[in-house]
Structures are given as structure tokens and as C-alpha cells.
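Read the structure below first, then the notes.
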Amino acid sequence: MKNIYIVGNPNSGKTSFFNAITGLNQKTGNYAGVTTEKKSAFIKNQFQIVDLPGCYSMYFKTLDERVVVNELVHNKIDLVIYVIDAINFQRATLMLTQILDLNIPTIAVVNMIDELEHQGQYLDLALFEKTLKIKTFFCNSRTKQGIDAVKSYITLNIPDKSLHLRNTPEFLAQMNDISPDFSYQDWITHILTTQKNAILDEMKRIDLISRFDETEYLYHLCIKKNKKGIIHREITRKIDAVAMHHFWGYIVMFLMLLGVFEVLFAVAQFPMDLLDTFFADLSVWVKERIEIQYLRNFIGNAIIPGISGVLIFIPQIVLLYMINTFLDESGYLSRMVYLMDFLLKKIGLSGKSILPLMSGNACAIPAISATRTIPTFKERLITLVTIPLMTCSAKLPVYTLVISLIFPLKYQSMILVGMYGVSLFLVVLFSAILNRFLKTDEQSSLIHDIPPYRLPTFRNIVISIKNAVVPFIKNAGSIIFITSILLWFLASHTFEHNQLESSEINQSFAAQIGHVIEPVIRPLGFDWKVGVGLLTSFIAREVFITTMVSLYSIDSDTNQEKIIDILKSPLPGESSPPIDFSTGMSILIFFVFSIQCISTLAAIRKETNSFKIPILLFIIMFFIAYVASFLVYQVLH
Amino acid sequence: MNHSLPLVDLPINTKAIIQEVLSSAFHLNLLELGFNKGKMLQIERKTIFGDPICIEMGSARIILRENEARTIIVKPCKY
């Protein structure tokens, strides 16, 4: 198996190239010991292609960059495909020269050459190849032009025998007390294993400045002028005149986010209703046809709710990832960094916290990993611990359900937007508080690239959705499914009888567990069923709904099969529905604060490399959630 | 107006040449993104708060905070 690594600057179109060359057959995982997402793909069982995180040079500053350097130095690499963004040619060639100095077999791929041409310039490919002595390709990930050439080259030419060995860079050779065979590779290994210090920094600076001369030379040699007009740049300019405007920029951002939420709810609601109705009908259909009571209950109350409980979340996940990918790839997210940095800086965050916080709206776990691009520890920590307050795709269905139970239809979407507003407000509040208490010596900085606007390709959006949905079905999905079956078992069995009649649910295992915690949660307005829901939602928040449905559907004698209808109709012998206004509000508030998700806590533990932070965070947030819910319930009740 | 000044004090849309990048915690980051002696740049815009600022340098556009912009010493061009 040959190992091929794709390396390049952030925003260089590296991932688009990777997507174009591998298509849908990608795997996502993690690098050993860290949570940085590792995207890889196998081609014909001959090659493993890995897409490394974006990086500007071997002198890493963030944890993600450290992963890149570590992989490049310590792994057996058969080929590096170095992706160059043509319009940032000089900046891109900096790291290329470093990789060549490591004497790793390398080919270069020049991306977005059309953008360079729109700027009235072109790249002399032959001269570039001759000067650096590496094979180079023009590629366009959008049209897939040049991709096949790269593919056939790597199938035929690995191992590349034509590796041109470069001399050890001068700055190392000039060092006095270093042995003559000390290579650039040894130098990078030395940096990886040594504490950051002033001498190392000075040497890095000398290295970068001498490389700057080399890249400057390459730039003037290979980039030439043609007489075409400047098209693309003008478009970006015109959009930014508004999108980055000191007043209109904020208005545009506000409207954009409002539109995003509107799409998210209005569009997702339709397939969700459809799925809900479908499974309700299916359940009725099955129940009418199965004679054996036990089997009928098992399929109707455990299997079908289990499957629908997994599938019903998928429309929102798909839309969330679609929107996130769109904002990121179009380049708009960088404008948000620009617009928001000053305000975020005030509360101890960085403009770079935008991406993790935005993806916290999809799922806290990748969002927590995304904080790795924030270079200072304090800003990173504050971002990381406030992410669980965002409304993730697992909280969303809980909110949607509870809101639809307790508010009239015309206010529902407004209330939902309000929930997002509340969580945003809490992120600001908590950050500001933490900012007060955490002290640091680190200099915070923001140095961020503003890429031209690019229309995200359909392929990239599909692949990022696929990379989110498949793990959801595999991981969260199987947990939801199993919980659903387990709950059915617990709710319909007891020590004495094998199977309970529906009216006897109050004697089941589940009820016994629920009754133990009931005294604690009674003041919040929760009965034992909600209590069991809170316990199971610890596995994953959306399991709360599955639990509610399982417990209440076994209990109700009605023919209602749709989730909403089950929870809206009063139980036999009672006058009010199981979740009334005050209980519903209490549930909402509880879910806003508490970190009801074990995977999130695990991710925080891994990222902070500490048990103290996640445990403390959980206890504090649980306490706040409890008090807030208590107050809300007692006031409303 | 031909004396050197920190980038942060350069008026918007005035071309200038980098004279020196002072050493700081983010010196290496600036170098990597191409801020080096002899490069021509200009400030394209600032936010309503005056910070961060958006720099145009060659075909690249980069945002910096005032803090970083203070470490870049530039000399405005005559033309």
C-alpha cells in the first residue's frame, strides 16, 4: 500500500482536489491520539490518499498544523501532492520548498489557474517544473480538468525515482555546533520535540526570510502578465463593497443568518412531517396485521419507532451541513471573521471562533475539534466550553417537539429563532465571565486570509453531507435504535409478569428507575417519564424524544401514532396532556443549559487533555440548568 | 509624507512599502503570509471599530488586528 499525502495552504482548494480525485469513497477518522479529523480514501487497494489539514509552513502554531508536520516527518510517505492556489503562488511555494528540503517525493498541482488568468496573469508551467525539478499539473477541481492526468501519473510513477535531492538549507549548515549530516528533517524533528524558545524562533525566522527570497525569485520567474482584463477580482470587490462594509456588512450578515434559519426550519419541516406520517401509518398497518400480541407490540412499539427515531433527524442534519459547507467554501465565513472579530475579542474569543461556533449549530463534536485552528490557549478554551451551549442538531428536534406541544402554530418558528437567540446570548455571557477569570500571558492575534468568493461545487457539498450522515447513522443511529428497543423492554416488562398490559406501565422496570429519581426532578415539573428521558438523553440528546414516544405510546390507549399527537392527548384518567406549558418551558430551559451528551464531554476531555475541565463543566452546567428550570417551572406553574 | 510609520497609521487606500517587520509573537505568521521587507501593500478597509483591518498585498487580501499592524513598519509611496 502506497501512502499519498495531500498538502497545501488553507483555502488552496486542497479538499476540493481531494474530493475530485477520490469521489464519494472517503473515510473519516482521527489521527492517532488527537481529534483532528483525518480524511482518507483508498484507490484500487494500491494507494491510500490522505487529505492533511491546511498549513502555511512547517513551523506549526496551531495543533492542526502540528499534526501535519508530525505526519510529514514521522510517516512513511511515498508521495506528497502539493496543492498550489495559483493566485497565492508565492505564499504557497514557501511550504513547498520546505517539503522538498525534507526530501519527500513530491509533485505539485496548480489549482484555480482560471482565477490567475482573470487577474491578467499566467504561470509558465515548464519553467516552474524545470526550476524546482518536480512534476507539476494544472488542475481545475470544479471541471475535473487535469484530475485524470494526476491519477494516471500516480498509478504509473510511484515510487518516483526521479527525486532530486536538495542540499541542507544554508542556515543549518552555518550553525557551528551541529554535525555536518544534520538534515532539514532532523531540524524539524528537533522542533517537534523541543519547547518553543527564542533561539529556535530566530532560526525559524532566518529560514523563512531566506525562503522568501527563493519564492520571490520563483514568482517573478514563473508568473507572467497577459493582456486579459481583471474579471474575477472585480466581482469579489463588488460583493465585498457591501458584504465587508462597516455598516451594510452587518446588515447583510444578519439577514443572511436569518435566511439560513428560515430555510433550516421551513425546508426541514416538510420531509420530517412526511417521515413521521409514513412511520405512523406503517405502525398502524403492521399492528393490524400481526396476530401475536407480543410480536405486535415489539414491532409496533420498539422496532418501528427505533427506525423512525433515527431517520427523522436526517433532514435537519443534511441541511445544517449543507449550509455550513456553503458558508465556508464560498468564502463568506472569512468575512464573518472580519466583521465579528472586534466584538468577539471583547469577550475573550477570536474571530476564528466563528467557524467552531457556527458548526456547533450542527454538532458539538466536530465543532470542538475545529477549535484547533485557534492559536491561543485561552481563546480556544473559552470557545470550546461555550460550544455545548449552541443549539446542535440534537437539541433542535427536542426544541421543535416541545415548542410544537406548548405554543400555537403561528408563534412556533419565532420561538425557535428565539431559542437560538438565547443560546447565542448565553455564549456571549459565559465567554465574558470566563474572560474575566482566566488570565494568560499569551499574545492573542488574528492573521486571516480573505479568499475570493467561490461558488461551492455540488460535489463538495454532497461529500461533506455524506461524511456527516453516514457516521450519524452508524454511531448515533445505532445508539438511538438500541435505546428504543431497550426502553420498550424496560417499559413493558417487570419482575413479576413477563409482559405488562399497557395500563400497568407504572409497575415496569422503567417506572421503578424513574420513581427513584422523581423526587429530585419533581420541583422542575418533570414526572418519572421525563426523568427517564433525561437519563437516556445523556447518550445523545435526541434520544429524549425516542424515550418520550416509547414511554407515552405504550401508556396511551389511543390510536394516535404520530409523535406530536401522542404527546398532545391526555393520558387515560387525566385531564391535561402529559407535557403542559410550564413543564414544557422547564424542559426547554433544562436543555438550553445542561450538557446532556456524553460524546461532547469525551471530546472536551480529549481536546483539553484534562478530566477536570469536562467534569467541572458538566456539574456547573447541570446545576445552572436545574436552578433555571426550577425557577421557570415554579413561576409559571 | 515620506517618513516611515507603523501600518496601523497608514491612511486607507495609500500604497506603501514594507520597511521592516518588528519582532513579536506573531512575526513568523506574518512572514508566512508574505509580510516581508520590500513588499508593497495598502489598507483596503477597516471595520467600524477601526479593527481589524483588511490589507491588500499583491493578489492576496489578509485581515490583521491593530496589534499586528503596529509591528509592520511601512513607507508610503510617492505615486
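Worth saying up front: this structure is predicted, and the values here are computed from it rather than measured. Chain identifiers are assigned alphabetically (A, B, ...) following the order of the sequence lines, protein sequences preceding nucleic acid strands; residue numbering begins at 1 within each chain.
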Given a strict heavy-atom distance threshold of 4.5 Å, which part of A/D201 is in contact with chain B: side chain, backbone, both, or neither?
both

Could you tell me which portion of B/I55 (side chain, backbone, both or neither) has an atom closer than 4.5 angstrom to a non-hydrogen atom of chain A?
neither

CD1 of B/I63 to CE of A/M244, rounded to nearest 0.5 Å, is 6.5 Å

Quick check on A/E216 against chain B: is it the side chain, the backbone, both or neither that has a heavy atom closer than 4.5 Å?
side chain

Which bit of A/I447 comes within less than 4.5 Å of chain B, counting heavy atoms only: side chain, backbone, both or neither?
both

Separation between OH of A/Y59 and CG of B/L31, rounded to the nearest 0.5 Å:
11.0 Å

Determine the minimum heavy-atom distance between A/A241 and B/R45, stating which atoms define it.
CA-NH2, 3.6 Å

Which portion of B/E66 sits near chain A, non-hydrogen atoms under 4.5 angstrom
neither

Can you tell me how far CD of A/Q90 sits from CG of B/L33, rounded to the nearest 0.5 angstrom?
11.5 Å

Give, as side chain, backbone, both or neither, the part of B/N67 having an atom under 4.5 angstrom from any heavy atom of chain A.
side chain

Quick check on the interface: out of A/T215, A/D85, A/L343, who has the most heavy-atom pairs with chain B under 4.5 Å?
A/L343

Looking at A/K224, I'd like to know if its NZ atom is crowded, meaning that more than 12 non-hydrogen atoms belonging to other residues, nucleotides or ligands lie closer than 6.0 Å.
yes

Looking only at B/L64, B/I48, B/T47, the option with the highest number of non-hydrogen pairs under 4.5 Å against chain A is B/T47

Looking only at the side chains, is there a donor atom on one of B/R65 and A/S444 sitting less than 3.5 Å from an acceptor on the other?
yes

Pair A/K204 + B/E32, salt bridge at N-O below 4.0 Å:
no

Measure distances from A/Y250 to the heavy atoms of chain B and classify the residue's part below 4.5 Å as side chain, backbone, both or neither.
side chain

Chain B contact via A/S350 - which portion, at a heavy-atom distance below 4.5 Å
both

A/F342 and B/F49 aromatic ring geometry - parallel, tilted or perpendicular at 30°/60° bounds
parallel

For A/R237, is there an ion pair with B/E56 - N to carboxylate O distance below 4.0 angstrom?
yes

A/S57 OG to B/N29 CG distance, which is reported to the nearest 0.5 Å
8.5 Å

Atom CZ in A/R205, atom OG in B/S23: separation rounded to 0.5 Å?
7.5 Å

Test log, rule side-chain contact (heavy atoms from CB on, under 4.5 Å), inputs B/L28 and A/Y56:
CA-CA 10 Å; B/L28 291 177; A/Y56 287 118; over 6 Å; no

Identify the two heavy atoms, one from B/N36 and one from A/F212, that lie closest to each other, and give their separation to 0.1 Å.
ND2-CD2, 2.8 Å

Are there over 12 heavy-atom neighbours, none belonging to A/I199, within less than 6.0 Å of that residue's CD1?
no

Run the side-chain contact (heavy atoms from CB on, under 4.5 Å) test on A/K345 and B/D51 for me, step by step, so that the C-alpha distance in whole Å, both residues' side-chain angles and the decisive distance to 0.1 Å come before the verdict.
CA-CA 10 Å; A/K345 193 172 70 176; B/D51 184 25; 2.5 Å; yes

Chain A shares the most heavy-atom pairs under 4.5 Å, among B/G34, B/P52, B/C54, B/S24, with B/P52

CZ on B/R61 to CG on A/N88, rounded to 0.5 Å
11.5 Å

